[in-house]
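Below is one structure, written out as structure tokens; comments come after it.
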Amino acid sequence: MASFYAKDVHEVLSELETSNTGLTSLEAQKRLERFGYNELAEKKGETIFQMFISEFKDFMIIILLIAALVSVFVGEITDSIIIVAIVVFNAILSVMQKNQANKALEALKKLTKPNAKVMRDGNIQVLPTRELVPGDIVILEAGDFVPADGRLIEAVNLKVNESSLTGESVPVDKVVVPLESDDIPVGDRVNMVFTGTTVVYGRGRMVVVNTGTNTEIGNIASMMEEEKIITPLQEKLAELGKTLGIAALGICAVIFFIGYMRGTPLLEMFMTSVSLAVAAIPEGLPAIVTITLAIGVQRMVKRNAIIRKLPAVETLGSANVICSDKTGTLTLNRMTVTSMYVDNELIDFNKIERSERVSKVIEMSSLCSDAKLDEEGKGIGDPTEVALILALRKLGREKNELESVYPRIDELPFDSDRKLMTTVHDMENGYLVITKGALESVMPLCVSIDEMGKIRDLTVDDKQNIEKANEAMAQNGMRVLGLAYKVLDGKDYNPGELENRLIFLGLIGMIDPPRPEARDAIKECDSAGITTVMITGDHRLTGEAIARELGILHDGEEVVTGKELEEMDDDELARRVRKIRVYARVSPEHKVRIVKAWQKNNAVVGMTGDGVNDAPALAQADIGAAMGITGTEVAKEAADMVLTDDNFATIVAAVEEGRTIYSNIRKAIRYLLSCNIGEILTVFIANVFGLGQPLLPIHLLWINLVTDSLPALGLGMEPPSPDVMKSRPRSKEESIFAGGLGIQMVFEGIIMSILAVMAFMIGRRYDIETAETMTFMTLVFSQLIHSLNSRSNTQSIFKIGLTTNKYLLFAIVIGVGLQLLLDTQPLSSIFKMSPLEPVQWVYVLCLSVLILLMGEIEKMIFRIVS
Ligand code: ATP
């Protein structure tokens with residue numbers, strides 16, 4: 001059987017039992033059952049059971065289990081059962097939380113799975129690529145990933161980058177004609193396209209021949225490794241965990257030694273030390289960080305930002321420059337033709353009567369467009385071109401009519417580098433060539449001008465007049481298109497000579513209003529210490545006008561064009577970049593230089609992009625943000641984040657969430673570590689002063705593995721604080737303990753331990769069991785209350801509002817409930833607690849509430865010094 005590339009299109013279509021209009025949904029469903037999903041099998045993640053088992057691989061947990069074993073040997077069976085029960089309970093809690101977080105992150109991945117444009121039931125539909133089957137007809141455009149292996153059935157200037165498959169980085173020109181031989185290596189099958197390669201230019205259609213593991217890439221890699229991404233913060237915390245572990249072991253050895261010297265029985269001291277070591281290490285922290293991240297990114301999805309790469313969440317909080325495309329991101333991308341320049345006259349399009357010359361400009365420019373209107377009159381395609389088709393309708397004409405008279409037979413597609421587009425149309429005795437684009441690109445191609453239907457040479461005066469009209473429109477914030485044409489006689493033309501010797505026809509000006517929310521978002525950036533920079537392919541004056549209107553450009557700041565940028569070397573650009581607020585007439589290639597120049601200035605840069613050529617800049621930026629609606633698949637793949645509404649304000653919302661997530665993680669760390677310090681110091685102080693053992697090992701384990709972690713989780717859910725966007729971005733190098741967090745933690749730990757030791761001393765006046773119970777209760781309650789302190793470094797809890805974090809309140813209630821449950825039989829005897837008298841309860845509660853007072857005083861001092 002000959003290969004698909006050696007057959008002609010009809011043969012291929014009939015062999016695959018399909019047609020130009022594609023498959024029906026029913027047939028596609030049948031084929032999906034037969035061939036399976038179009039995806040490479042992903043390695044399975046951990047099962048719940050495996051996750052549960054991994055919980056026991058932790059070093060401290062192993063020591064704890066050894067301690068439980070030792071207890072069995074010396075006859076303390078109840079103790080060992082409790083230890084195991086607490087460890088298992090902790091493992092179950094942790095697995096539940098991690099599973100929840102994994103699910104959230106998994107759901108996130110699904111949101112960014114690529115789509116393809118497929119013909120189904122005779123219509124173009126956008127479907128997830130995994131649903132493609134052999135026989136599907138797929139539409140390919142610049143910026144698309146080829147979603148399956150296919151045989152081309154149409155190719156217009158189609159160029160595909162196949163480096164992912166062949167290593168060859170020069171794009172391959174694709175054709176439709178069958179190849180001579182049927183023994184051709186993959187790299188030379190120029191009428192085929194392959195999964196994972198990218199369309200870099202032109203457009204085409206293919207019929208899918210192979211999917212999933214049957215594709216060329218599937219043969220190479222049949223299994224995709226599940227990527228395990230951890231963020232820099234998670235990395236730092238893992239390091240911290242190790243350091244704390246070593247420190248904890250040291251402290252425990254000291255306590256063990258002191259206790260032993262004071263005559264405490266060896267086994268008791270051993271158990272206390274092991275429990276303390278467990279208490280010193282915040283086992284719950286990694287899970288809490290993951291969950292806080294997962295919940296944070298879910299919140300971002302609700303605000304239209306999808307995070308593709310988890311580390312970006314942290315980077316967002318440090319972003320201090322955002323470079324944004326103008327069209328569609330800062331503006332609505334709803335273009336409307338409002339002005340026109342033709343026959344030496346600037347015309348207001350809204351006021352014109354039907355006129356020959358205006359019609360000619362609009363008709364020609366519509367012919368040179370890919371956009372169309374659907375049945376309801378809504379535009380489909382590039383908004384710049386939709387504006388033209390709508391203007392055509394306003395004049396009472398339809399694009400279809402024009403196209404039936406002047407069918408398109410060839411084209412040079414628009415791209416942001418050339419800023420030009422040309423189409424060729426069949427005419428009775430020749431061809432009509434129409435070119436539209438930025439005036440700077442069109443003018444050099446023109447030699448004559450069409451004036452009142454008469455064609456004459458283009459003079460220097462004409463050029464000056466046209467330039468002036470162009471500037472006048474641009475100054476009003478308009479996007480301007482220049483339009484030119486020529487007629488070729490005869491039945492042949494040279495495709496390389498289409499864009500020369502053109503006749504200038506006119507200019508079309510269109511407005512694209514700024515997004516109303518962009519202004520506020522830019523203001524917010526200002527107060528958050530973030531510089532906004534506009535990047536546009538439009539004229540300098542257009543960019544400048546819009547930038548001023550939006551509050552991006554102020555007096556003393558600069559506007560630079562792509563041409564000027566090219567004349568600057570990298571050092572000069574790096575020197576000037578801080579002053580430049582608008583880059584006009586730039587190509588996507590310039591964006592990489594802009595990002596690098598900012599990075600040379602130690603900035604953390606966010607950059608938006610949508611086209612295939614934007615991918616390098618998105619990858620280079622610290623936070624690449626791709627457009628969800630207008631963005632190409634290639635841009636999305638390269639980005640850290642996708643904006644589902646293409647909106648600048650969404651980036652700012654994401655920054656706010658990024659800052660909130662980071663500060664919530666800091667709150668959880670501060671809380672957990674201060675509690676741990678409190679626990680260690682309580683035992684340490686009591687031992688050093690020979691007061692006896694204030695807490696039993698099982699108490700320590702209970703506090704540390706059960707009651708601590710719930711409020712920490714609650715802190716991770718803290719809503720964004722109203723002033724989160726009022727401070728400067730945090731530096732990327734900043735330590736997690738920056739801003740006095742370390743000192744605060746230690747101070748709070750000391751206070752907590754003093755309160756607990758006081759409870760112990762008061763309790764000792766009764767009996768040792770009462771003393772231990774009072775210490776245990778005081779420590780648990782003061783920690784639960786302390787979680788309220790941890791909600792802010794500086795602000796009083798009464799100012800933030802006691803009820804503004806419902807999750808935390810819920811966690812506190814659960815914590816209190818669990819603790820009171822321990823106070824009932826039979827748990828209280830298992831935990832060796834004695835029932836407290838009302839007066840003892842009063843002591844416990846007063847001491848516990850004192851932590852709130854101490855917290856408020858601490859914040860007051862902090863407000864004064866900072
Ligand atoms: P921005 O950079 O502001 O987000 P953009 O990237 O969409 O905008 P380009 O598409 O590169 O900017 O447009 C640059 C110039 O190219 C425009 O000012 C216009 O003159 C011209 N242009 C835009 N769209 C078309 C088109 N479809 N056909 C021909 N010329 C176009």
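Order of listing sets the numbers, starting from 1, for every ligand and every atom in it. If you're wondering where the values come from, they're calculated on a predicted model, not measured in any experiment.
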Looking at [Y] and [X], is any side-chain nitrogen of the basic one under 4.0 Å from a carboxylate oxygen of the acidic one?
X	Y	answer
R515	E517	yes
K360	D450	yes
R576	D571	no
K463	E467	no

#### Entry: Residue that, paired with R540, satisfies salt bridge (Lys or Arg N to Asp or Glu O under 4.0 Å) out of E558, E564, E471
E564
### Per-ligand residue contacts, ligand 1, heavy-atom threshold under 4.0 Å
D325, K326, T327, D382, T384, E385, F414, S416, K419, K436, G437, A438, R479, V480, L481, I535, T536, G537, D538, R585
### Query
Hey, what do you get for CG (L432) to CG (L367), rounding to the nearest 0.5 Å?
7.0 Å
